[in-house]
Amino acid sequence: MTDTDVDLQPKKKGLTRRQKRSLSRGVQYAVFAAAVIAFAVSADWDRLQNQFAQADIAKQMFPDVITLALKNTVLYTLSGFVVGLVLGMVIALMRLSSVGPYRWLAGVYIEIFRGLPALLIFIFVGVAVPLAFPGTEIPGGTYGKVALALGLVSAAYMAETIRAGIQAVPKGQMEAARSLGFSPAKAMVSIIIPQAFRIILPPLTNELVLLFKDSSLVLFLGVTLEERELSKFGRDLASTTANSTPILVAGLCYLLVTVPLSFVVRRMESKAQEAIR
Amino acid sequence: MSRPEIEVRGLHKSFGDNEVLRGIDLEIGQGEVVCVIGPSGSGKSTLLRCVNLLEEPTEGQVFVGGTEVTDPDVDIDAVRRRIGMVFQQFNLFPHLSVTENLTLPQRRVLGRDKAAAARIAAENLARVGLSEKADAYPSSLSGGQQQRVAIARALAMGPEVMLFDEPTSALDPELVGDVLAVMRMLAREGMTMMVVTHEMTFAREVADRVVFMDGGVVVEDGSPGRVIGDPQHERTRHFLSRLLDPAMAEVEEETSDQVGKSGE
């Protein structure tokens, strides 16, 4: 550095920007390492392993944990998703209707069912529905009840997602369809909704992941042994064996499905990003 | 002259307090090509959109092929089948291939069977010179190609009248020619056409009549030679001079008699 340089750039006291940046990064790594070490040292690994990772107990869960529990979880989720999708579509279209009372009713539905814990809705379906309509039986037994409860919960979210998707389709699409002679209903079915679903595929898949987890609430409906899903199955076995390994195995089974699904969602989202560019 | 194909009587259109059309009377005969020109905000696109009722007129009547479009009891979907419309932004259906863009409306709206729809689609793609793009998706086409597909899609419905809403305004300059060529071909074939455009060369060469609009009214209506070549009104002259030689335009005060906004 020459003297003139010093004149032009008066030397600041303390660290340069580059030094600050590397210091800040160093501190972050140090905190992370300290936290990991603290956790590893303070946790009682022997007891943890004893309680959560007993290989023989895990072994005794198979194959039922897959053929019964996981199967039921998937069944509950899919049936709830289908009910929610159909109901959500109806509510979304009501929300966009030109008839005031439809819009109003759809709005009330969405606010109520989005604002209530899923657990309360399960209890409502299990207790209040049979009480309010004595003699009526929800078809499909427990499966029907779960489909209804999960459907009621997810319909509120899906209705908002579907509505947003429909509104995200450019206005020109409806105009083009109408000027070709499509009726509003035909244009909606053939032109708008197919495009809306492409837009909302990622959030709908997210909803599937949420439902997958919410299906554990079925235990509040009271289920037979054959109807148990992952959470109930894991808990039951945990209490009979007085060991928490089944909980861990059940948890891993959830992740077996949710992690790949989330991965698919991320793939779809980045693809959609590319399509916009 | 026999019954006009398009007839507009005393048409008014307001968006809220904004009166975009202030009494339009216009007749377009069968096989006639009419170009509507005018500054942005003059109401020309709104006029075009009133013809197939994409905009609902506030007042006045529109007849197409003798049917009153503005009659509240008219089967508007049936009327629109006879009116082809081409948009500035093409508005192809992005989730369908080019062929499906042409066949789906025929099948859903006209109830044509698959084979007939496919045959008519192929014919019309050939007319616009895009047979080889039959299986492509709109997003893989250039703007000019998309607009030609949009024209073919409208033609596949067998319209008696075609409306063009600034069909080349969204195109790169070097792609404009292909679209104009297709429109010229249609004009030669005797299609009744109403074209909102800024393409003065096209208007001069192809149009039977040119209508100059400003401030929501028709200022001049006559042959291209007269309206473009020898405009009678100061407003027309002013518009044309700015359009034909934009580099020479002077900075001027904004006037408040412009109606509508840039949404035109």
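Throughout, protein chains are lettered first and strands after them, A, B, ... in sequence-line order, and every chain is numbered starting at 1.
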Is A:Ala177 in contact with chain B via its backbone, its side chain, both, or neither, using a 4.5 Å heavy-atom distance?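 For A:Ala177, backbone and side chain are both near chain B.
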Over all atoms of both residues, closest heavy-atom pair of B:Val109 and A:Gly181: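 Scanning both residues completely, I find the closest heavy atoms to be CG1-O, 3.6 Å.
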[X] side, atom [atom1]; [Y] side, atom [atom2] - distance, nearest 0.5 Å:
X	Y	atom1	atom2	answer
A:Arg178	B:Ile76	CZ	CD1	8.0 Å
B:Leu104	A:Ile191	CG	CD1	5.0 Å
B:Asp165	A:Glu175	CG	CD	9.0 Å
B:Asn91	A:Gln173	CG	CD	6.0 Å
B:Arg108	A:Lys186	CZ	NZ	8.5 Å
B:Arg81	A:Phe182	CZ	CZ	10.5 Å

Quick one, A:Leu180 and B:Phe93 - any side-chain contact, counting heavy atoms below 4.5 Å?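 Touching, per the 4.5 Å side-chain cut-off.
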Contact origin within [X] toward chain A - heavy atom pairs under 4.5 Å:
X	result
B:Leu53	neither
B:Ile83	backbone
B:Arg49	side chain
B:Phe87	side chain

Do other residues, nucleotides or ligands put more than 12 heavy atoms under 6.0 Å from the [atom1] atom of [X]?
X	atom1	answer
A:Phe197	CZ	yes
A:Arg114	CZ	yes
B:Glu189	CD	yes

Checking side-chain polar atoms at under 3.5 Å, does A:Ser179 have a donor or acceptor matched by the opposite partner on B:Arg80?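 Not at all, the side chains of A:Ser179 and B:Arg80 share no donor-acceptor pair under 3.5 Å.
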Just give me the residue among B:Met85, B:Arg153, B:Met157 that pairs up with chain A most often, heavy atom to heavy atom, under 4.5 Å.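 Ranked by contacts with chain A, first place is B:Arg153.
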